[in-house]
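Following: one structure in structure tokens, then a few remarks.
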Amino acid sequence: MNNDERLRVLYVEDNCDSFEMLQVMLDMCQIEVDCARSSREALAQVSSDDRFDLYLLDGGLPDSDGFSLCRTLRAINPKTPVLFYSGNAHPEDMERGIEAGAAGYIIKPNSEKLAATILQLVTHYREASQPAFTDFHALAAAA
């Protein structure tokens, strides 16, 4: 990945404070963040602009849940990775996220590895013709 190239992430989050904090943090890592506040808004953005390098999802949204949105995004664009960044910390939630098609699940507020994980996922998806989620787990463990 070219160091001058900024990644573009669609963060689906209804909490403005969470979005603003994450936007500032990821901007320092050369990652541009667009926000959608609902599943409906996210799907509208994806349909009008397909240049997102990664979808970052919260588990709970006002009009749906992140798991349903994840399945829809994977059906629309299977080549763009999905990562959950959610306060839902139960193992069942993490399993649901992976089963819905996400490549990983980070529990809020653990943000220290978020930028590195985003970069690893985008690189991995760009290099792989068919993403293997099992391989990502080894990749994430090494981070």
Discussion item. When you compare the side chain of Val46 with that of Leu10, does any pair of heavy atoms fall below 4.5 Å?
Written reply: yes
Worksheet item: Within the distance-only criterion (no hydrogens, no angle test), does the side chain of Gln45 pair as donor or acceptor with the backbone N or O of Cys35 below 3.5 angstrom?
Response: yes
Worksheet, complete the sentence: Closest non-hydrogen atoms of Tyr125 and Ala103, given as atom of the first, atom of the second and distance, are OH-CB, 3.7 Å
Fill in: Nearest heavy-atom neighbours spanning Val12 and Ser38
CG1-O, 3.8 Å
Worksheet item: Which heavy atom of Val122 sits nearest a heavy atom of Asp53, and at what distance?
Response: CG2-O, 3.5 Å
Practice prompt. Measure the shortest side-chain to side-chain distance between Ile107 and Met94 over non-hydrogen atoms and say whether it is less than 4.5 angstrom.
Written response: yes
Do any side-chain atoms of residues 55-69 form donor-acceptor pairs under 3.5 angstrom with protein atoms, and if so which ones, sequence neighbours left out?
from: Asp58; atom 1: OD1; to: Ser86; atom 2: OG; distance (Å): 3.4
from: Asp63; atom 1: OD1; to: Ser39; atom 2: N; distance (Å): 2.9
from: Asp63; atom 1: OD2; to: Ser39; atom 2: N; distance (Å): 3.4
from: Asp63; atom 1: OD2; to: Arg40; atom 2: N; distance (Å): 3.0
from: Asp65; atom 1: OD1; to: Phe67; atom 2: N; distance (Å): 2.9
from: Asp65; atom 1: OD1; to: Ser68; atom 2: N; distance (Å): 2.7
from: Asp65; atom 1: OD1; to: Ser68; atom 2: OG; distance (Å): 3.2

Worksheet item: OG1 of Thr80 to CZ of Arg51: how many Å apart, nearest 0.5 Å?
Response: 11.0 Å
Worksheet item: CE/Met21 to CG/Leu26 distance, rounded to the nearest 0.5 angstrom?
Response: 8.5 Å
Worksheet item: How many angstroms lie between atom CG of Leu119 and atom CD of Gln30, to the nearest 0.5 angstrom?
Response: 10.0 Å
Discussion item. Check Asp27 with Arg6, please: is the shortest side-chain N to carboxylate O separation under 4.0 Å?
Written reply: yes
Fill in: With Met25 via side-chain contact (heavy atoms from CB on, under 4.5 Å) - residues at least two apart
Leu22, Ser111, Leu114
Worksheet item: Looking only at heavy atoms, which two atoms of Ala115 and Cys29 are closest? And how far apart?
Response: CB-SG, 3.6 Å
Discussion item. When you compare the side chain of Leu7 with that of Ile118, does any pair of heavy atoms fall below 4.5 Å?
Written reply: yes
Worksheet item: Would a 4.5 Å heavy-atom cut-off, applied to side chains only, mark Asn88 and Tyr105 as touching?
Response: yes
Worksheet entry | Cation-pi, Phe19 ring and Arg37 (6.0 angstrom, 45 degrees) | yes
Item to complete: List the steps and the verdict of side chain to side chain contact (heavy atoms under 4.5 Å, CB included) for Leu43 and Leu73.
Response: CA-CA 8 Å; Leu43 293 173; Leu73 290 171; 4.1 Å; yes
Worksheet item: How far does CG of Asn77 sit from OG of Ser47, to the nearest 0.5 angstrom?
Response: 12.0 Å
Discussion item. Test: side-chain hydrogen bond (donor to acceptor under 3.5 Å, both in side chains). Region: residues 8-19. Which pairs qualify, not counting sequence neighbours?
Written reply: Arg8-Asp34, Arg8-Asp49, Tyr11-Glu13, Tyr11-Ser18, Glu13-Lys108
Worksheet item: Taking side chain as C-beta onward, heavy atoms only, is Ile98 less than 4.5 Å from Glu95?
Response: no
